[in-house]
2 protein chains.
Amino acid sequence: MKVAELAKSLGTTADTVRYYTRLGLLKPAKSVNGYKSYSNKEVSRLKFILSARNLGFSVADIKEIINESEDGKSACPLVRSLIKERLEETEKQFQAMLALRGKMSSALSQWEEMEDKAPTANMVCHLIENFEQIKKA
Amino acid sequence: MKVAELAKSLGTTADTVRYYTRLGLLKPAKSVNGYKSYSNKEVSRLKFILSARNLGFSVADIKEIINESEDGKSACPLVRSLIKERLEETEKQFQAMLALRGKMSSALSQWEEMEDKAPTANMVCHLIENFEQIKKA
DNA sequence: CTTAGACCTGTGTCTAAGACACAGGTCAAG
DNA sequence: CTTGACCTGTGTCTTAGACACAGGTCTAAG
C-alpha cells in the first residue's frame with residue numbers, strides 16, 4: 001500500500017500519514033522503487049491513531065501509549081490518566097473561549113452603533129481603545 | 001525605556017515586546033549601548049496591541065489595523081469587519097470544543113468502570129479502539 | 001521502444017504567538 | 001578592577017500537519 005492509498009482508505013491525507021511516519025508511529029517497509037509500503041498492521045495502527053486524535057489525545061500522548069503497549073504492558077492506566085489531563089485542559093480552553101466569545105459579541109454589537117473616528121497621535125482606533133465590557137448585572 | 005521596563009509596566013513579558021518589535025509593530029530608537037529604547041508613544045501603542053489581542057484579534061489583524069491608521073484613515077470599518085470574521089471562527093472553535101469536551105468526559109466515565117487489557121497484535125488499547133459515543137436519546 | 005502527461009513520492013520549509021536558551025554586554029557594589 | 005546580578009538581541013523550538021517542489025513512476029498513445 002502506498003501513502004495516498006492508506007490515507008484515502010481511512011479518510012485522511014497523505015501528509016498526515018507521512019507526518020506520523022516521520023515520527024515513527026508508522027513503520028512502513030521500503031518498496032523496491034523507494035516508496036514506503038504500508039501493511040495491514042499499519043492500517044489498524046493508523047486507525048488507532050486517528051481514533052485517539054479524535055478523542056483529544058496529542059500525538060505525543062499517542063506515541064507514549066504505543067510505546068507502552070509495545071512493551072507488552074496494558075496502556076489502559078496511562079490512557080485514563082492522560083485523558084484526565086487533556087479533559088482538564090480542554091475545560092480551561094473551553095471556558096476561555098466562552099468568555100472570549102462573550103467579549104467579542106458584546107464588542108461587535110456596541111461597535112455597530114458607534115461612529116467612525118480618524119486616528120490621532122495616541123489613539124489607533126477608539127472602538128478598541130475605549131471598549132470595556134459591560135458587567136453582568 | 002528598556003524592553004523589560006516597558007513589558008512590566010503593562011503586565012506582559014519582554015519576549016512579547018520583542019516579538020512585536022520584530023514584526024515592526026513597535027519601533028524603538030536605538031540607545032547608545034545598542035539596547036532598544038521605547039518612548040511614551042510606544043507605551044500607548046503597546047497598550048493598544050494588548051487590548052486588541054485581548055479582544056481576539058490576531059497579530060496580523062493588528063498590523064493591518066495599524067497600517068490603516070498610519071495612512072490617516074479611520075480603521076473603524078476594518079475593525080468591525082475583522083471582528084465579525086474572528087467571532088465566527090471563535091464560534092466554530094467553541095462548538096468544536098463543546099463537542100470534544102462531551103466526548104472526552106463520556107469516554108472518561110465509561111473507562112473508569114472498564115477493566116485493563118493487555119495489547120494484542122492488532123489492538124493497542126481497547127478503551128480507545130472500542131469507544132463509541134453514546135448517542136443522545 | 002519512446003514519449004507525453006498524469007499522478008505520485010520524499011524532503012524541506014512554513015504556519016501563530018510567543019517561550020526559551022544562550023553568549024555576551026551593562027551596571028552598581030566592593 | 002573585578003565580581004555578580006541582571007539585562008540584551010538573536011536564534012531556535014513548540015503543534016499538527018499543509019504546502020511547495022524537483023524528480024520518479026506509470027499508463028496510454030504513437
In whole angstrom, give the distance that lies between atom [atom1] of [X] and atom [atom2] of [N].
X        : N       : atom1 : atom2 : value
Gln93(A) : dA17(C) : CD    : C1'   : 15 Å
Lys63(B) : dA17(C) : NZ    : P     : 12 Å
Arg22(B) : dA19(C) : CZ    : P     : 12 Å

Residue whose nearest DNA chain D nucleotide is more 5′ - Tyr35(A) or Tyr19(A): Tyr19(A)
Fellow cluster residues of Met97(B), listed by chain then number, with links counted only when side-chain atoms sit under 4.5 Å apart: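 Members other than Met97(B) - counting any ILVMFWY side chain reachable under 4.5 Å - are Phe94(A), Met97(A), Leu98(A), Phe94(B), Leu98(B).
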Roughly how far apart are Ile62(A) CD1 and Leu50(A) CG, rounded to 0.5 Å? 8.0 Å
Rounded to the nearest 0.5 Å, how far apart are CZ of Arg53(B) and CG of Leu55(B)? 11.0 Å
Does dG18(C) have OP1 or OP2 under 4.0 Å away from a side-chain N or O of Tyr20(B)?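 Yes, such a contact exists.
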If you compare every side-chain N and O of Thr13(B) against the phosphate oxygens of dA19(C) (OP1, OP2), does one of them come in below 4.0 Å?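 Answer is yes, contact under 4.0 Å.
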If only atom types and distance count, is the side chain of Thr90(A) paired as donor or acceptor with the main-chain N or O of Arg86(A) below 3.5 Å? yes
Taking atom CG as the centre, does Asn40(A) end up with more than 12 heavy-atom neighbours from other residues, nucleotides or ligands that are less than 6.0 angstrom away? no
Side-chain donor-acceptor pair present, Asp15(B), Thr13(B), cut-off under 3.5 Å: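 The criterion, which ignores hydrogens and geometry beyond distance, is not satisfied for Thr13(B) and Asp15(B).
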Under 4.0 angstrom, heavy atoms only, what part of the nucleic acid is Asp15(B) near: base, sugar-phosphate, or nothing? base
Have a look at Arg18(A) and say if it touches a base, only the backbone sugar-phosphate, or nothing, with a 4.0 Å heavy-atom cut-off.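 It contacts base atoms.
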Considering only heavy atoms of chain A and a distance under 4.0 Å, specify the first and last nucleotide of DNA chain D in 5' to 3' order that meet this criterion. dA16(D) to dC26(D)
dG12(C): pairing nucleotide in any strand, Watson-Crick or G-U under 3.5 angstrom: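 The answer is dC19(D), by the H-bond criterion.
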Pick the nucleotide of DNA chain C nearest each of Lys2(B) and Tyr38(A); which residue has the one closer to the 5' end? Tyr38(A)
